[in-house]
Amino acid sequence: MTQALKQPETPAKQIPFIDLKTQLEEIRSHIDAAINRVFNHGNFIMGPEVYELEKELSAFCNAKHVISCANGTDALGLGLMAKNVGPGDAVFVPSFTFAATAEVVAWVGATPVFIDSLADTYNIDPKSLEQGIQSAQKLGLKPVGIIPVDLFGQPADYDALQAIAETNQLWILADGAQSFGASYKGRKVGNIGDMATTSFFPAKPLGCYGDGGALFTNDDELASIFKSLRVHGQGTDKYDNVRIGMNGRLDTLQAAILLEKLKVFPLELSARQKTAEAYNEALKDLVQIPYIMEETTSAWAQYTVCIPSSLDRGRLMSDLKDAGLPTMVYYVKPLHLQTAYKHYPTATGGSLPICESLAHKVLSLPMSGYVQDPTHITNLFKHVCNSYR
Ligand SMILES: *Cc1c(COP(=O)(O)O)cnc(C)c1O
């Protein structure tokens with residue numbers, strides 16, 4: 001083993017970054033039974049579990065309508081299709097996010113306008129959004145909507161965004177891919193914005209064993225459009241397609257798996273919260289710990305800190321890995337600097353200083369509902385940092 005050459009002693013056992021294995025061990029028999037039920041009834045497309053899941057998700061987050069779909073990216077795309085977004089339209093998105101948030105805007109031929117983030121919550125900056133709206137207008141684009149992202153699990157500041165949306169007659173499509181289970185001023189993610197989405201990608205807070213996603217809305221008309229778009233734009237008569245849609249359905253098997261995962265989800269959310277609190281307490285004097293707004297909870301998709309500029313992040317990550325502690329960087333490059341997106345406008349017409357600086361200093365620690373020993377993790381972290389003194 002090459003590792004044995006580098007380290008004479010046994011290489012440190014790696015702590016899992018996201019512990020999906022322990023979760024599966026705990027609920028395996030229920031998952032097996034759920035999969036078997038689907039095999040037995042054989043309704044692999046839009047089987048009863050799909051509708052049952054939509055009902056359960058609706059009860060969980062108090063959204064009137066839940067429309068499951070194939071993945072979190074399609075969910076966003078369906079939202080834009082329902083709003084008839086197209087060429088000449090400007091949709092405002094944070095630059096510090098996963099590519100899917102902006103990708104869907106380009107899908108429909110509209111222009112994503114990149115907005116800067118807040119240094120403390122990592123979420124879209126309302127001030128920068130206002131600047132972005134003006135920039136878009138100067139470019140001759142028509143501002144139509146905002147896709148705020150609840151980055152790392154914390155909802156964006158929706159009250160501030162809603163005020164701007166109302167003034168400018170914009171809709172809000174909340175990208176809750178990372179935040180299902182979180183809440184903002186008493187409202188759960190799914191029940192915020194004109195429409196909201198989530199993703200059931202395995203590594204998300206509520207993940208399945210493949211791809212999956214969902215749309216949420218309290219608007220009856222939007223809900224019926226989503227349902228139609230999800231199945232090729234079908235009308236009430238399924239042989240008359242009334243609009244251009246897509247094949248965007250969630251598999252029955254994934255719905256069956258999600259129904260089982262949803263049962264343990266509340267416990268996992270509190271375990272994530274406990275882990276985050278333990279990390280916060282142990283690391284608050286060493287790094288900038290995540291800031292959660294008042295009356296807001298996070299689903300803790302990621303626990304992300306900012307390291308001081310005195311630390312070399314690459315070296316720190318490599319030393320932590322040697323100590324058995326895996327870390328990740330979300331995100332190395334903001335979207336407005338990426339090859340496919342750099343020709344799109346930004347709020348400032350140029351650089352977005354906060355997200356560019358975040359990209360250099362963020363670091364995410366292991367997080368899931370099954371972190372065994374947070375103290376061990378923070379001790380390893382402290383130990384490696386102290387070794388640089
Ligand atoms: C994961 C993610 C998506 C896309 O979800 P998929 O299910 O992978 O398509 C969209 N937005 C954000 C912020 C994400 O983290």
Side-chain angles (χ1 to χ4, degrees), residues 17-18 20 53 57 66-81 91-108 112 114-115 117-118 121-124 145-156 158 161 172-182 189-190 192-193 195-216 226 230 246-251 253-255 257-258 261 272 298-304 328-336 338 340-341 355 358-359 362 364 367-368:
F17 185 72
I18 296 183
L20 292 172
L53 176 69
L57 292 173
V66 179
I67 296 88
S68 61
C69 63
N71 56 68
T73 309
D74 280 1
L76 291 167
L78 286 163
L80 297 182
M81 288 165 79
V91 178
F92 304 93
V93 298
S95 179
F96 195 58
T97 177
F98 181 63
T101 314
E103 182 182 31
V104 293
V105 180
W107 274 6
V108 296
F114 291 112
I115 307 300
S117 299
L118 295 162
T121 63
Y122 314 135
N123 278 328
I124 191 166
I146 314 163
I147 313 184
V149 176
D150 303 339
L151 205 69
F152 306 141
Q154 172 171 215
Y158 285 98
L161 298 174
I172 292 181
L173 169 57
D175 183 349
Q178 303 182 4
S179 63
F180 192 68
V189 166
I192 307 174
M195 323 167 256
T197 65
T198 199
S199 163
F200 304 125
F201 183 83
K204 307 283 167 149
L206 179 62
C208 57
Y209 293 134
D211 277 309
L215 279 149
F216 307 82
F226 292 154
R230 170 174 72 174
M246 61 157 87
N247 174 2
R249 296 171 298 236
L250 177 71
D251 287 354
L253 274 171
Q254 299 303 343
I257 288 160
L258 283 165
K261 290 229 194 176
R272 284 174 187 267
S298 176
W300 296 109
Q302 300 295 342
Y303 180 88
T304 304
M328 302 283 272
V329 173
Y330 301 109
Y331 297 92
V332 174
K333 219 181 209 191
L335 293 178
H336 72 284
Q338 294 190 17
Y341 297 99
C355 61
L358 284 173
V362 285
S364 302
M367 180 51 90
S368 69

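We count ligands from 1, going down the list as the structure has it; atoms in each ligand are counted the same way.
Here Phe216 and Phe180 bring their ring centres to under 6.0 angstrom of each other.
Between Val66 and Phe226 the shortest side-chain heavy-atom distance does not fall below 4.5 Å.
Using cut-offs of 30° and 60° on the angle between ring planes, the pair Tyr341 and Phe114 is perpendicular. Between Phe98 and Tyr331, the ring planes are tilted. Angles from 30° to 60° get that label.
Applying the side-chain hydrogen bond (donor to acceptor under 3.5 Å, both in side chains) test to residues at least two apart or on different chains, the pairs with a partner in residues 95-104 are Ser95-His336, Thr97-Thr101, Thr101-Asp175.
Note: Cys208 SG to Phe201 CZ = 9.5 Å, rounded to the nearest 0.5 Å.
Protein residues with any heavy atom under 4.0 Å from ligand 1: Asn71, Gly72, Thr73, Thr97, Phe98, Ala100, Thr101, Val149, Asp175, Ala177, Gln178, Ser199, Lys204, Gly212.
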